[in-house]
**Student:** 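Structure in structure tokens, see below.
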Amino acid sequence: MDKALVVLSGGLDSTTLLYMAVKQLGAENVKAISFNYGQRHWKELRFAGHSCGDFGIPRKLVDISFLKVLFQNSGSSLVTEEDVPEGHYAEDTMKSTVVPNRNMIMASIAAGYAISENIDSLWLGVHAGDHFVYPDCRPRFFNVLNAAICIGNDSFGPIGEVIPGAELQRFVHTPFINISKADIAIEALRLGVPLEGTWSCYKGDTVHCGKCGTCVERLEAINEAIHYHDGYGRHYVDGTAYADTEFWKEAVKTA
Ligand SMILES: [Zn+2]
């Protein structure tokens, strides 16, 4: 693996992934791609742009906002006018944040772009905590996706020859797929990711709301990571501003 294309949303997970790719391969070997899929706000995409700017990494912003019209009957609160649910991800209400076939669509476009740029790996920041709500964040999905991309691009660009029966190359990289959001936050602090330079909130207000699913998940993970590092005598502070800093504690208890 020499080069990486990182799918970057601007959230904690994908920004940590970007830092990891830069550390492993050097900024000159990393590119990023972000998607505007008709989400309610542009905030995290702007944060993604800033993170790339810090490293001088080129970033492609791909507009797939037509999905919003195409998927208007999906019931997904992320692309429709429905209210974004508050609370913990373990709750049933979070199913309304599923966008049909989202990772397949984004990974397909990103893979095509990577191959056309002769980039030999595609990095995605999915993690174990996503498995419960999102079927297209599970290991089985990415194994099959990796196989489909390699077989579908046999001997083309950076994809080597696909020999029947032999193990396929690992084009799709999901280093966080079996670790928790808290483990990613621990990694983020270790890599020096500025937490306030990432955006997780599903709502697009001035500051993080502290109550939506991603805010609750983020606060729980960051607090666990800070406690982890405290044990080693390193004290980190989350510089992110939140409208509510207490709600998540109750949401985590009742989940
Ligand atoms: Zn929020």
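Indexing begins at 1, ligand by ligand and atom by atom, following the structure's order. The analysis underlying the following values was restricted to heavy atoms, covering all of them including side chains, and did not include hydrogens, waters or symmetry mates. Counting from 1, the numbers follow the sequence of the chain as shown.
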**Student:** State whether a side-chain donor-acceptor pair under 3.5 Å links N143 with R170.
**Tutor:**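 Yes, side-chain donor-acceptor contact under 3.5 Å.
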
**Student:** When you measure from the side chain of H208 to the backbone N and O of S200, does any donor-acceptor pair fall under 3.5 Å?
**Tutor:**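 Judged by distance alone, yes, a pair lies under 3.5 Å.
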
**Student:** Taking N146 for its side chain and Q169 for its backbone only, find out whether a donor-acceptor pair lies under 3.5 Å.
**Tutor:**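 The answer is yes, because a donor-acceptor pair under 3.5 Å joins these two groups.
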
**Student:** Okay, side chain of T174, backbone of V126: is any donor-acceptor separation there less than 3.5 Å?
**Tutor:**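 No, because the side chain of T174 does not come within donor-acceptor range (under 3.5 Å) of the backbone of V126.
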
**Student:** Given the rule in the side chain to side chain donor-acceptor pair (under 3.5 Å) test, do D13 and T16 qualify, once you have shown the distances and angles that lead to the verdict?
**Tutor:** CA-CA 5 Å; D13 311 332; T16 304; over 6 Å; no

**Student:** How are the rings of W199 and F47 set relative to one another: parallel (under 30°), tilted (30 to 60°) or perpendicular (over 60°)?
**Tutor:**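 Correct class here is tilted.
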
**Student:** So which protein N/O/S atoms does the Zn ion (ligand 1) have within less than 2.8 Å?
**Tutor:**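 Hits for the Zn ion (ligand 1) below 2.8 Å: C201 SG, C209 SG, C212 SG, C215 SG.
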
